[in-house]
Protein chains: 2
Amino acid sequence: MTERSVRTARRTRADGDRTRQLILDTAVRLATVEGLDGLSIGKLANATAVSKSGVYAHFDSKQDLQLATVDNARKLFVDVVVVPSLRAEGLERLTALCEMFLSYVEQRTLPGGCFFAAAASELGGRAGPLRELVASNQRDWIGLLSAAASQALTNQQLRSDTDVEGLVFELNAIVVSANTGFILHDDPVIISRARSAIERVLDAAKSA
Amino acid sequence: MTERSVRTARRTRADGDRTRQLILDTAVRLATVEGLDGLSIGKLANATAVSKSGVYAHFDSKQDLQLATVDNARKLFVDVVVVPSLRAEGLERLTALCEMFLSYVEQRTLPGGCFFAAAASELGGRAGPLRELVASNQRDWIGLLSAAASQALTNQQLRSDTDVEGLVFELNAIVVSANTGFILHDDPVIISRARSAIERVLDAAKSA
DNA sequence: CCTACCGATCGGTAGG
DNA sequence: CCTACCGATCGGTAGG
């Protein structure tokens, strides 16, 4: 009987998982505004109504929390940008990836815009595992665009003399720049300017 | 006599100006790596071998220091990117602005790459005078590119149906993305990829 | 420009 | 998961 009431009162594993997820989701949102470094355990504890040591119950150190936050941001990015685009193939997939990225920014999915654009700028000039993890995620994204572009080339949807790396560099530059500009100037016109630029670049590369 | 020795021992106005400039130059460099917010008065004092209150002798508050740091970064940018490009006009000026920007990044003028690219990413999602100052500098840069592009159009160096705003958006996206990629991946190939992209975009816009 | 100090907050730990 | 605490560092000030 005592045993029983203790058991019902005790926090279950599922509770712990939910708290951990709450902390990480909040961390992703906070980090797009304050930066991954500006994110403090104290502020995060306050924002989630968990005590500081409650946060440390889930993460060994600030760096451990930061790495888990990047992983969580990756999951979000895959869910809202990548997965919906995988329904299409080749040129259509390439177009969808760019459009879903722009829409992910435009919808203000995260308050400070794209998590990885912010993290890449913040950590670019530093060293350590956090920077490497962000760089690796960035390479994965470029790889995803490149694979779609290559398939479009194989499908003869793009001109046979297309420079795939150059095309992907340009597309990525456009969507990332749209993110920064949209957040800095709070101006949706920048998103439509990016849409036009994407269209122009892809039209120029399309096979006749 | 006592008067005299006191006078020679006393710090002159020029000494103060030199210290202030040393602080600001160090702040610009540090801010490209640590961020304008990550920049602390203590670290800055250490890096310049001035005491913390020595820093406060020149700036009323951290925000005051940050605003002065942005102004100092602007001066540097004008010196190394803008001024050399103003010798040319029209299309040549537009090309020079892009090339000088890429070279300013490639030469590692600042350890964390372009100051304003870093500041725009860091402050984009926040509010206040610092963000407004950075946004205003960003608009000036876009305005500079736009003016050169417009003149190129007037000079009939660009096709008469050229979308100046779209062209400038694309050129800026390319050079800023080159900055982030170069710093994050430490790979000079990204700069040459950007040079090719600039060339491709400008070639497509050139009048026959 | 310095030394010496302020309260607040940082990342992190002890003990439960 | 909590309260209560640690030394270090933060932005900033007093007094010289």
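Atoms considered below: every heavy atom in the structure, side chains included; atoms not considered: hydrogens, waters and symmetry mates. In the text below, chain A, chain B and the rest are named by the order of the sequence lines, each starting its count at 1.
A close approach under 4.0 Å does not occur between any side-chain nitrogen or oxygen of B:S51 and OP1 or OP2 of C:dC1.
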Could you give the side-chain donor-acceptor pairs of residues 42-50 of chain A under 3.5 Å, partners two or more places apart or in another chain?
{"from": "A:K43", "atom 1": "NZ", "to": "A:G38", "atom 2": "O", "distance (Å)": "3.4"}
{"from": "A:T48", "atom 1": "OG1", "to": "A:L44", "atom 2": "O", "distance (Å)": "2.8"}
{"from": "A:T48", "atom 1": "OG1", "to": "A:A45", "atom 2": "O", "distance (Å)": "3.2"}

Enumerate donor-acceptor pairs with a distance under 3.5 Å from any side-chain N or O in residues 122-134 of chain A to protein atoms, sequence neighbours excluded.
{"from": "A:E122", "atom 1": "OE1", "to": "A:L36", "atom 2": "N", "distance (Å)": "2.7"}
{"from": "A:E122", "atom 1": "OE2", "to": "A:L36", "atom 2": "N", "distance (Å)": "3.2"}
{"from": "A:E122", "atom 1": "OE2", "to": "A:D37", "atom 2": "N", "distance (Å)": "2.9"}
{"from": "A:R126", "atom 1": "NE", "to": "A:E122", "atom 2": "O", "distance (Å)": "3.4"}
{"from": "A:R126", "atom 1": "NE", "to": "B:V33", "atom 2": "O", "distance (Å)": "3.1"}
{"from": "A:R126", "atom 1": "NH1", "to": "A:D37", "atom 2": "OD1", "distance (Å)": "3.1"}
{"from": "A:R131", "atom 1": "NH1", "to": "A:G124", "atom 2": "O", "distance (Å)": "2.8"}
{"from": "A:R131", "atom 1": "NH1", "to": "A:R126", "atom 2": "O", "distance (Å)": "2.9"}
{"from": "A:R131", "atom 1": "NH2", "to": "B:L184", "atom 2": "O", "distance (Å)": "2.9"}

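Take A:D203 and apply the side-chain hydrogen bond (donor to acceptor under 3.5 Å, both in side chains) test, not counting sequence neighbours, and it matches A:K206. Partners of B:Y104 by ring-ring contact (aromatic ring centres under 6.0 Å, His included), not counting sequence neighbours, listed by chain and number: B:F77, B:F101. Applying the side-chain hydrogen bond (donor to acceptor under 3.5 Å, both in side chains) criterion to B:D25, with sequence neighbours excluded, gives B:Q21, B:N72. Taking the side-chain hydrogen bond (donor to acceptor under 3.5 Å, both in side chains) definition, one finds that A:Q66 meets it with nothing, sequence neighbours left out. Annotation: side-chain hydrogen bond (donor to acceptor under 3.5 Å, both in side chains) contacts of A:Q63 (sequence neighbours excluded): none.
Contacts classified as ring pair (Phe, Tyr, Trp, His ring centres under 6.0 Å) and involving residues 115-140 of chain B (residues at least two apart or in different chains) are not found. For residues 139-152 of chain B, the pairs satisfying salt bridge (charged side-chain N to carboxylate O under 4.0 Å, His left out) are B:R74-B:D140, with sequence neighbours left out.
One can place NE2 of A:H58 at 17 Å from P of C:dT13, the figure rounded to the nearest angstrom. Rounded to whole angstrom, the span from the NZ atom of A:K52 across to the C1' atom of C:dC10 amounts to 7 Å. Taking atom CG of A:L67 as the reference point, atom C1' of C:dG11 lies 16 Å away to the nearest angstrom. Atom CD in A:Q66 sits about 14 Å away from atom C1' in C:dG12, given to the nearest Å. Atom OH in B:Y56 sits about 6 Å away from atom P in D:dG11, given to the nearest Å.
Surrounding CD of B:E165 are at most 12 heavy atoms belonging to other residues, nucleotides or ligands under 6.0 Å away.
DNA chain D forms stems at C:1-16 with D:1-16, each a run of 3 or more consecutive Watson-Crick or G-U wobble pairs whose two key distances fall under 3.5 Å.
In terms of polar N and O atoms assigned as donor or acceptor, the side chain of A:K62 never comes within less than 3.5 Å of the base of C:dG12 in a complementary pairing.
Against DNA chain C, the stretch residues 28-49 of chain B makes no heavy-atom approach under 4.0 Å.
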Identify all pairs in which a protein N or O lies below 3.5 Å from an N or O of nucleotides 14-16 of chain D, and state each distance.
none

Verdict with reasoning, A:R87 to A:E92, per salt bridge (Lys or Arg N to Asp or Glu O under 4.0 Å) = CA-CA 9 Å; A:R87 300 170 60 96; A:E92 285 72 28; over 6 Å; no
